[in-house]
Protein chains: 2
Amino acid sequence: MRQETIENYLKTIYNLSSDNTVVVGNKELAGRLNLRPATVTEGLRKLDELKYVFYEKSYGTRLTTSGAKLALNIVRRHRIWETYLVKELGFGWDEVHEIAEELEHVKNDKLINKLAGILGNPIYDPHGDPIPDAKGKIFKSNFIKLSEAKPKVSYKIMGVTDHSSAFLKYLEKHHLIIGANILVKQFEEFDSSILLTCNKNEIIISSKAAECMIVQVN
Amino acid sequence: MRQETIENYLKTIYNLSSDNTVVVGNKELAGRLNLRPATVTEGLRKLDELKYVFYEKSYGTRLTTSGAKLALNIVRRHRIWETYLVKELGFGWDEVHEIAEELEHVKNDKLINKLAGILGNPIYDPHGDPIPDAKGKIFKSNFIKLSEAKPKVSYKIMGVTDHSSAFLKYLEKHHLIIGANILVKQFEEFDSSILLTCNKNEIIISSKAAECMIVQVN
DNA sequence: TTATTAATTTTGGCATACCTAATTTATTTT
DNA sequence: AAAATAAATTAGGTATGCCAAAATTAATAA
Ligand SMILES: [Mn+2]
Ligand SMILES: [Mn+2]
Ligand SMILES: [Mn+2]
Ligand SMILES: [Mn+2]
């Protein structure tokens, strides 16, 4: 298997398995990788042979220790590059994901560690995602999705789970950036939309948007 | 054809054809690309169909205008990255070529132009190779190989044509770095080795090394 | 100019990464 | 527990990028 293919599978399995607690299904994996389920079945069989995953037919897939190690490494590269592009090269947080998708496959630990060093070994990337350290250790936090927040509680925005330019630009337009403090006023029963205040401005957020926002109690 | 394959062919043809004046042969191209001649024959047929090259069977290959344009773009990316790695990230000139071989395929003009801007739009890379500007324009110089120099003339080292770590470390050990002034004392008839002075030290250089050093009359 | 040698191309194959359509297996609904 | 639906797998196929060995063409030496 091509190294880039392996890396994309492992990274995606990692992102879907929330810390290896959930087994990943073929259909969802196929969707994320822009492949057909049949293709993914083949791919997983090979990754299983390479001992990167435990693949149980018709059931699901988990990363092995070595698979998780590689996955964490790719995730580190991706997030370090995103951070470097934003902090050192002046890109917007909405334009770095695509570039990092390519840069993450450049294999050179010295390079990544140098970038990380220049950045002061950051723990979070521009989207609030935790950056594994050189050993693969990741800072564990107790963030929740905004869609799971409680009314009348004040939160701080810590991250996003959708990295698309469209979504990030939308957030920016409403000043819903990382670090911003928001007060959840109420949930609309009808469509689960949320009324909240941010910088003294009231705004209504769709449940879809709230699903993609990560917050922490203030 | 995969984009990366195309880029590697075009870049290599560019590097072998000295400004498109020489037609490139299959055997040499195969050697540079680490492929077999039979493979290159196929590849060139496809590139010809894509209008990136003029490929004349059993004769040789030249870049078309569009092929040259793409080639220049890859060369620019490669050399900008090499320069950035050395100047901004603290790598040695002997360790950047391999990394740049990967980074050069990351396609994002804004990124390259940003790096170039930070560097002050350099015209030469760490090995003395000219860097095409964003439009593909290259600064033309009248450098010669040290092997073609004349005795009793003083030169300045302007570049190298071998980017291997082994060669660059050898040069560094003898202070034969870019910008250094040397005086060619004499050519040894027997093996074409060169006796020269650099920083008041005498040193003998093999013809093989001299072939890979680019100089300019002082 | 005819050998001889070197470069190039052709032929036939192999492996990888995909796909669609058909089939099987698992999960929901009724 | 059937029936219906959804997910996963298998079977069969295409396109790409590579190779070795044989055949051809071009270049060089005799
Ligand atoms: Mn990203
Ligand atoms: Mn990110
Ligand atoms: Mn180089
Ligand atoms: Mn260079």
Side-chain angles (χ1 to χ4, degrees), chain A residues 1-18 21-64 67 70-71 74 101-102 104-105 107, chain B residues 1-13 15-18 21-63 67 70-71 74 101-102 104-105 107:
Chain A
M1 264 177 125
R2 289 190 37 210
Q3 185 64 19
E4 207 177 306
T5 310
I6 293 177
E7 293 183 352
N8 282 333
Y9 268 83
L10 297 183
K11 177 187 63 165
T12 308
I13 293 166
Y14 174 86
N15 284 332
L16 287 175
S17 71
S18 331
T21 51
V22 182
V23 296
V24 177
N26 279 7
K27 192 185 148 78
E28 191 162 27
L29 192 47
R32 293 291 191 105
L33 290 168
N34 273 302
L35 297 174
R36 296 321 168 106
T39 307
V40 166
T41 302
E42 286 176 41
L44 290 175
R45 237 202 308 262
K46 285 174 204 154
L47 289 174
D48 186 282
E49 263 176 24
L50 293 169
K51 307 274 191 211
Y52 283 130
V53 305
F54 298 117
Y55 161 64
E56 281 186 65
K57 211 166 116 171
S58 289
Y59 168 65
T61 304
R62 279 182 313 115
L63 293 172
T64 62
L70 219 182
I74 310 304
E101 284 293 312
E102 297 188 55
E104 72 187 6
H105 298 292
K107 187 170 170 7
Chain B
M1 262 177 127
R2 285 178 28 135
Q3 186 62 20
E4 206 177 305
T5 310
I6 293 176
E7 293 181 353
N8 283 332
Y9 269 82
L10 297 183
K11 177 188 63 167
T12 309
I13 293 165
N15 284 330
L16 287 174
S17 70
S18 332
T21 51
V22 181
V23 296
V24 178
N26 279 6
K27 190 185 148 81
E28 192 163 25
L29 192 47
R32 292 290 192 106
L33 289 169
N34 273 303
L35 297 174
R36 297 321 169 106
T39 307
V40 166
T41 302
E42 287 176 40
L44 290 175
R45 236 201 308 261
K46 286 175 203 155
L47 289 174
D48 185 282
E49 263 177 23
L50 294 168
K51 309 273 189 209
Y52 284 128
V53 305
F54 298 117
Y55 161 64
E56 281 186 64
K57 212 166 113 171
S58 288
Y59 168 65
T61 304
R62 279 182 314 115
L63 293 172
L70 221 181
I74 311 304
E101 284 293 311
E102 297 189 54
E104 73 188 6
H105 298 293
K107 186 171 169 7

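It should be emphasised that the depicted structure is a prediction, and the values quoted were computed from it without experimental measurement. The sequence lines fix the lettering, A, B, ..., with proteins before strands; numbering per chain opens at 1.
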Quickly work out the [X] [atom1] to [N] [atom2] distance and round it to whole Å.
X	N	atom1	atom2	answer
B:L35	D:dC19	CG	C1'	10 Å
B:K46	D:dA15	NZ	C1'	9 Å
B:Q3	D:dA15	CD	P	21 Å
B:K27	D:dA27	NZ	C1'	14 Å
B:N26	D:dT24	CG	P	19 Å
A:M1	D:dT16	CE	P	20 Å
B:E56	D:dA26	CD	C1'	14 Å
A:R36	D:dT14	CZ	P	18 Å

Taking only side-chain N and O atoms of [X], does any of them lie within less than 4.0 angstrom of OP1 or OP2 on [N]?
X	N	result
A:Y55	D:dT9	yes
B:R2	D:dA15	no
B:K57	D:dT24	no

So what does A:S58 hit on the nucleic acid, given a heavy-atom distance under 4.0 Å: a base, only sugar-phosphate, or nothing?
-> sugar-phosphate
Under 4.0 Å between any heavy atoms, over every strand shown, what does A:G25 touch: base, sugar-phosphate, or nothing? Just pick one.
-> sugar-phosphate
Note, [X] side chain near [Y] side chain (heavy atom, < 4.5 Å):
X	Y	answer
A:I6	A:Q3	yes
A:V24	A:T12	no
B:L47	B:Y55	no
B:E101	B:K11	yes
B:V53	B:L10	yes
A:L29	A:T61	no

Of all heavy-atom pairs linking A:Y9 and A:G43, the shortest is OH-CA, 3.7 Å
Search all heavy atoms of B:A30 against all heavy atoms of B:P37 and return the closest pair with its distance.
-> CB-N, 3.7 Å
5' priority, DNA chain C, between B:T39 and A:P37 [closest heavy atom] | B:T39
Below 4.0 angstrom, N of the basic side chain to O of the carboxylate: do B:K107 and B:E7 qualify?
-> no
Start and end of the DNA chain C segment that chain B contacts, any atom under 4.0 Å from a heavy atom | C:dA7 to C:dT10
Tell me, what's DNA chain C's dot-bracket, Watson-Crick or G-U with both distances under 3.5 Å, | for other-strand, [ ] crossing?
-> ||||||||||||||||||||||||||||||
